[in-house]
Peer 1: 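Sending over a structure as structure tokens; questions will come in a sec.
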Amino acid sequence: MLKIAFLGAAGTVTGSKYSVTYGSQHFLVDCGMFQGDETITRHNWDALPIPARDYKALILTHAHIDHSGAIPHLVSRGFDGPILCTEPTLDLCRLLLPDSARIQAEQAGQESPPFYDEEDALDALDLMEGHPYYQSCPVMQGVSVTFFDAGHILGSAWLEIILQPLPSWNLDRPVRLVFSGDLGRGLGSMLAAPDTPERADFLVLESTYGNRLHSRTPAGQQLARAVRQTTQDQATLIVPAFAVQRCQDLAYLFEQLLAEQHIEPISVFLDSPMAARAPRVFEEYPDYLSDQACHQLQDCGRLLRYPFLRICENASLSRSIYDFAPPRVIISASGMVEGGRVLHHMRRNLSEPRTAILLAGYQCEGTRGWRLQNGEEELEIDGQLFAVRASVESLDGLSGHADYAEIEEWLADLEQPPRTTFLVHGDLESLQGQCHRLSQQPGWEVEVPEHRQEYVLIADDR
Ligand SMILES: [Zn+2]
């Protein structure tokens with residue numbers, strides 16, 4: 001029997017976690033944290049269908065917390081198999097997982113104990129193995145995985161999992177299981193465009209933007225317009241962005257905009273301890289960057305070389321931002337304005353009409369970023385209400401996720417449609433949009449799994 005259970009990112013965008021049963025063995029793909037309001041985060045405490053120690057292995061697509069953030073919890077419950085991922089994913093997890101444990105310790109209260117501690121995070125890192133792209137790696141008896149570039153964040157991968165036919169199956173060839181992970185776009189970014197699959201028997205496909213198209217205005221143009229306005233107004237531009245990849249993409253873009261004279265010199269502050277440390281990981285892996293970024297790195301030994309960039313790793317540098325006269329740009333995390341130093345900048349600037357806010361990523365429903373995007377007039381931060389007088393715009397040209405047209409392009413090289421395609425990692429509207437569009441194409445069988453739903457992919461025949 002070959003079976004898959006959708007333990008997360010089913011009907012929602014966080015908590016990616018899939019349990020695969022292959023004969024009498026089990027493995028997991030991704031083990032992410034559920035993020036958002038309490039109706040979602042309570043799933044972090046859901047029991048697994050089998051004891052954690054009975055899983056033989058875990059395969060991880062990329063380092064983002066909604067894909068990796070529950071691994072320490074899994075390990076604290078007894079999982080001790082190998083965790084296979086790419087080399088940069090392992091290094092980014094070295095930053096992200098202990099940080100996630102620290103954030104939980106800070107936010108924990110009596111009703112919400114931390115999900116795991118720093119020691120669990122270190123134990124998890126001990127089990128992780130970094131592999132290069134394009135090399136078949138053994139997972140367990142009869143199962144291997146190859147990582148392909150997904151172009152979403154440094155080291156992100158889509159997975160091709162090959163399962164040898166079991167004697168009980170009425171099948172004499174291997175089965176190919178493809179997990180898209182999160183798919184990027186390769187547009188004006190320091191990463192290359194995603195590789196494309198040619199064959200898949202079963203496909204688990206992300207659908208974050210399953211019913212939407214990104215603006216076809218290049219991100220650079222959109223950003224340059226906002227920067228020019230900020231320069232003219234002698235004001236502050238705040239760009240909340242995800243600490244790993246999106247913050248660096250933005251800082252990287254500034255150099256291009258200046259070189260091409262789309263903007264005048266302006267002070268840019270990269271204000272997030274995580275975003276400040278991540279570029280060092282990027283610089284260790286030139287092979288995982290786009291050709292352009294790789295050449296630039298080889299030329300000058302640095303990836304972020306915008307001359308007016310100040311990276312605020314520690315708190316005193318962060319505090320000094322306001323000693324510099326405007327105009328200024330502050331790039332800060334978290335991307336959905338749910339925590340981190342960006343909250344401080346929001347408190348200080350939100351009610352100032354000349355301030356501009358540029359939201360640079362996906363905003364989950366219910367988050368402060370989502371409220372801003374939806375034009376709410378007041379925003380609560382630490383129990384205090386702030387009138388939103390700043391202008392708010394979305395910089396969707398820089399999204400890390402492919403839209404539905406780009407997903408269709410990614411699928412275009414498939415020799416034939418998969419037997420079944422499962423849509424995950426999207427809100428209900430996106431999933432339904434994607435399902436509708438794909439199902440209309442000849443030969444496509446599409447499912448939208450519900451939370452914890454199980455499917456038998458191959459039944460026992462003999
Ligand atoms: Zn991601």
Side-chain angles (χ1 to χ4, degrees), residues 8-10 12-18 28-36 40 58-71 83 85-86 88-93 95-97 99-100 133 147-159 178-187 189-195 204-210 212 214 240-250 272 274-275 278 281-282 288 333-336 338 340 359-365 367 369 395-396 398-403 406-407 410 423-427 430-431 434:
T12 182
V13 283
T14 61
S16 286
K17 194 197 283 176
Y18 316 104
L28 288 166
V29 173
D30 283 350
C31 191
M33 194 187 284
F34 287 92
Q35 295 166 301
I40 300 278
L58 163 65
I59 311 170
L60 177 61
T61 59
H62 66 289
H64 274 153
I65 285 296
D66 62 324
H67 292 256
S68 70
I71 297 176
I83 300 169
C85 60
T86 66
T89 296
L90 169 51
D91 276 347
L92 290 174
C93 283
L95 298 180
L96 287 167
L97 294 182
D99 185 64
S100 166
Y133 286 141
F147 297 93
F148 289 89
D149 193 348
H152 168 67
I153 67 167
L154 184 80
S156 64
W158 59 265
L159 312 174
V178 171
F179 286 84
S180 73
D182 287 355
L183 293 171
R185 319 169 63 210
L187 289 179
S189 126
M190 54 176 85
L191 302 177
D195 296 319
V204 177
L205 180 64
E206 77 124 315
S207 310
T208 317
Y209 288 98
R212 269 180 288 173
H214 297 310
F242 300 113
V244 171
Q245 199 62 55
R246 229 46 63 208
C247 275
Q248 294 80 19
D249 282 343
L250 280 156
S272 146
M274 183 61 65
V281 180
F282 284 61
Y288 286 79
S334 75
M336 300 190 204
E338 286 295 276
L359 298 164
Y362 185 83
Q363 306 297 326
C364 278
E365 194 172 332
T367 59
L395 181 65
D396 65 348
L398 204 72
S399 168
H401 290 271
D403 62 23
E406 290 160 338
I407 296 264
W410 185 74
L423 302 182
V424 297
H425 204 285
D427 60 27
S430 302
L431 293 162
Q434 186 87 287

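These numbers come from a predicted model, not from an experiment. Each ligand, and each atom within it, is numbered from 1 in the order the structure gives.
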Peer 1: Quick one: side-chain hydrogen bond (donor to acceptor under 3.5 Å, both in side chains) partners of Thr367, sequence neighbours excluded?
Peer 2: none

Peer 1: May I ask you to test the Gln35-Met336 pair for a side-chain heavy-atom distance under 4.5 Å?
Peer 2: no

Peer 1: Starting from the Zn ion (ligand 1), count all protein N, O or S atoms within a radius below 2.8 Å.
Peer 2: 4

Peer 1: Taking the six-membered ring where the residue is Trp, are the ring centres of Tyr209 and Tyr362 under 6.0 Å apart?
Peer 2: yes

Peer 1: Give me the one residue out of Phe179, Tyr133, Trp158 that meets ring pair (Phe, Tyr, Trp, His ring centres under 6.0 Å) with Phe148.
Peer 2: Trp158

Peer 1: For residues His152 and His67, establish whether the separation of their ring centroids is below 6.0 Å.
Peer 2: no

Peer 1: Between Asp182 and His64, do the side chains contain an N or O donor and an N or O acceptor separated by less than 3.5 Å?
Peer 2: no

